[in-house]
Amino acid sequence: MEKLIPGLEGVPIMESQVGFIDGQKGILEYRGIPIEVLAESSTYEEVAYLLLWGKLPNREEMAKFDHDLRTHRRVKYRIIDLMKCLPETGHPMDALQAAVAALGMFYPAKIDPAEIQPGTDVLARDKHYWSIIRLIAKLPTIVAAFERMRHGDEPVRPRDDLSHAANFLWMLTEQDPDPLDARILDVCLILHAEHTMNASTFSGLVVGSTLADPYTLVASAIGALTGPLHGGANEQALRMFREIGTVENVRPYIEAKLKAKARIMGVGHRVYKVKDPRAYVLQGLAEHLFRVKGEHPLYRVAQEVERVINEHVGAKGIASNVDFYSGVVYDQLGIPIDLFTPVFAIARVAGWLAHWVEQMKNNRLFRPDQIYTGQHNLPYVRMEQRT
Ligand SMILES: CC(C)(COP(=O)(O)OP(=O)(O)OC[C@H]1O[C@@H](n2cnc3c(N)ncnc32)[C@H](O)[C@@H]1OP(=O)(O)O)[C@@H](O)C(=O)NCCC(=O)NCCS
């Protein structure tokens, strides 16, 4: 009898060298380099290169990649026009998904099956290299443009003298970004850039396996990331801290939720059974930011939630994940709450594409099986005879 594994928990679906997680020890590495080291020493642009090519770039390689990203930030006015037609009350993730799907019509990247042979390196093909550059470079522009337009403002043109993170803050506010804010956001982007076989990466790979183009793949991954059990949790965690409001309210709130078997957002993980290593880095960043700029009013609430969760369900391996502290950091940076998940997408696009590059070297169409539990050979009952 075939065995069903709900949610494919623990089932490897391909070999990969992009990222590594040890959920028991709380280890996350990108291409073999620990996340803490990258957060300390690298930049988002360098990490994107590392994920895609599997090695750190030398000076010339980095300069070219960075230049290509900086010079492809602008989006065509027709994409902006298209986004103007979207309801300003809609969620920015939905706007991002729609705009990314449309991008693929402006930069045709359809794949001829004959192009993809065992060992094909899409990074070495111009058409695909530029798709990758455009996707990474333009996602922040799309998110910032939607944010501006839904408030009745014109989008702010991207600047090519700023880093990826600093330029995003610039496009949101039209203010020169504070260097500390830009660096903190840069580290947040590093922390969210890749996370092995999560739901959005898997969704992208399912689409990639059909030899659909990378814009379609990224649009599908963005769709998967919107859900509150995945990328949407960062927004929900901050909403929960706001709802709790004070440190005194934490214990009764959390205990009531746990009793009702409700999910606490920003805690628990399919793979990590200890505190997510990214949550440690984010908490450190939050504390650094608060020392310089004043403490976020909900930071103590968050800490108390963590303590109470740990007390009640810590022994079951439920601990803070990446989404637990990212909200208070983004909020302190002035990023609106419903842009938290789009910021996650801005970072994760590098990971999605790195997996796609790897997949195209050895592709096999995803076509899993099911266990049919329905009936067979039923008669067709005519409408008049149906009760
Ligand atoms: C991420 C998540 C879906 C992974 O869960 P999973 O691997 O499917 O774990 P399960 O649903 O099998 O849960 C195992 C047990 O832990 C509990 N649990 C898991 N996450 C929980 C949470 N966030 N709050 C309360 N209880 C939780 C479940 O109720 C279950 O308890 P039980 O054994 O008594 O029934 C889950 O932890 C969750 O919903 N977290 C909140 C959303 C979130 O922060 N997502 C971002 C992930 S980076």
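Since we're looking at a predicted model, the values are computed, not measured. Whatever order the structure lists them in is the order used to number ligands and atoms, beginning at 1.
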**Q.** Close-contact set for ligand 1 against H269 heavy atoms, below 4.0 Å
**A.** 4 (C), 37 (O), 48 (S)
Which bit of [X] is near ligand 1, meaning a heavy atom under 4.0 Å away: side chain, backbone, both or neither?
| X | result |
| --- | --- |
| D323 | side chain |
| H230 | backbone |
| D276 | neither |
| N321 | side chain |
| A262 | backbone |

Ignoring hydrogens, tell whether any protein atom lies closer than 4.0 Å to [atom]; use the non-hydrogen atoms only.
| atom | value |
| --- | --- |
| atom 14 (C) of ligand 1 | no |
| atom 20 (N) of ligand 1 | yes |
| atom 7 (O) of ligand 1 | yes |

Please determine if [X] has a nitrogen or oxygen closer than 3.5 Å to a nitrogen or oxygen of ligand 1.
| X | answer |
| --- | --- |
| V267 | yes |
| K273 | no |
| R270 | yes |

If we only count heavy atoms from C-beta on, is the [X] to [Y] side-chain gap below 4.5 Å?
| X | Y | value |
| --- | --- | --- |
| F146 | L339 | no |
| D178 | K293 | yes |
| L38 | Y30 | yes |

Q: Return yes when atom CD of Q375 has more than 12 non-hydrogen atoms of other residues, nucleotides or ligands closer than 6.0 Å, and no otherwise.
A: no
Compute the ring centroids of [X] and [Y], then answer whether they are less than 6.0 Å apart.
| X | Y | result |
| --- | --- | --- |
| F241 | F324 | yes |
| H72 | H67 | no |
| Y325 | H296 | no |

Q: Please go through L205's hydrophobic cluster and name the other residues, only I, L, V, M, F, W, Y counting, with side-chain heavy atoms under 4.5 Å joining them.
A: I5, L8, V11, I13, M14, M197, F202, V206, F366
